[in-house]
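Below you'll find the structure, written out as structure tokens, and then a few comments.
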Amino acid sequence: MNIILLGPPGAGKGTQARRLVEERGMTQLSTGDMLREARSSGTEMGKRVAAVMDRGELVTDEIVIGLIAEKLDSGGGGFIFDGFPRTLAQADALGALLDNMGQRLDAVIEMRVDDEALVARIAARSTCAGCGEVYNDISRPIPADGRCVKCGATEFTRRADDNADSLRQRLMEYYKKTSPLIGYYHAKGQLSVVDGLGEIDAVSAEIKAVLDKA
Ligand code: AMP
């Protein structure tokens, strides 16, 4: 089963994708994670995209489509596309890549959250440096012993682009370039909407209901 999690920054795509990996053995393909990895390992491409990411703009379609194309031939259990596609060109490219592999997209899940909640969530977000588990100062704080519940690491980071200026730009990019994908997948009969504002477990249950029907 191959699915897309679609939604603005802070909607909870990464958190839900990680759950699906654990529960269903699917493979998470997050272009944001791939780009951050390229940055931290200092590749040429990583250096080229760093400033673009910090400003909250989208990197080029060519780069992200290339990253996805490289990963698509491996991984059982199906793929969760998290933060990809973000433009119509990327959506077309994904369709073609899946076609070539004789695979299809089973569901596109839009996680709907209002802007105010996004700003609050992102300001409170931190990530385990060991395994990438996502925490939130308010709704899911780092445990009192300072250790990640998943891997026990004690170092947590805040993303460079989780600041007010960059977030404003990321939201703008979402509404201008990514939200047209809602109509695109709706027209193909593939879109389902879940309420991304609920508790993590409630959102997971809504996603499960969609996948059980797909
Ligand atoms: P994310 O972790 O998904 O919020 O992505 C972080 C940043 O990486 C975004 O603000 C973009 O600069 C870049 N990025 C991630 N995925 C894409 C994509 N599919 N297309 C263009 N830029 C992307």
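Order of listing sets the numbers, starting from 1, for every ligand and every atom in it. Keep in mind it's a predicted model, so treat the numbers as computed, not measured.
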Contact check, side chains of Phe84 and Gln90, non-hydrogen atoms, under 4.5 Å: yes
Using a strict cut-off of less than 4.0 Å between a Lys/Arg side-chain nitrogen and an Asp/Glu carboxylate oxygen, indicate whether Asp162 and Arg170 qualify as a salt bridge. yes
Is the number of heavy atoms from other residues, nucleotides or ligands under 6.0 Å of Arg39 CZ greater than 12? yes
Which N/O atoms of ligand 1 sit under 3.5 Å from a protein N/O, and at what distances?
unit_1	atom_1	unit_2	atom_2	d
ligand 1	2 (O)	Arg36	NH1	2.9
ligand 1	2 (O)	Arg36	NH2	2.9
ligand 1	2 (O)	Arg159	NH1	3.1
ligand 1	2 (O)	Arg159	NH2	3.3
ligand 1	3 (O)	Arg86	NH1	3.0
ligand 1	3 (O)	Arg86	NH2	3.2
ligand 1	4 (O)	Arg86	NH2	3.3
ligand 1	4 (O)	Arg159	NH2	3.0
ligand 1	12 (O)	Glu57	O	2.6
ligand 1	16 (N)	Thr31	OG1	2.8
ligand 1	16 (N)	Gly83	O	3.4
ligand 1	16 (N)	Arg86	NH1	2.9
ligand 1	19 (N)	Thr31	OG1	3.4
ligand 1	19 (N)	Gly83	O	3.0
ligand 1	19 (N)	Gln90	OE1	2.9
ligand 1	20 (N)	Gln90	NE2	3.0
ligand 1	22 (N)	Val59	N	3.1

Is it the case that more than 12 heavy atoms not belonging to Gln103 sit under 6.0 Å from its CD atom? yes
Check whether any side-chain heavy atom of Leu29 sits under 4.5 Å from a side-chain heavy atom of Ile80, and report yes or no. no
Just checking Glu22: does its CD atom have more than 12 heavy atoms from other residues, nucleotides or ligands closer to it than 6.0 angstrom? yes
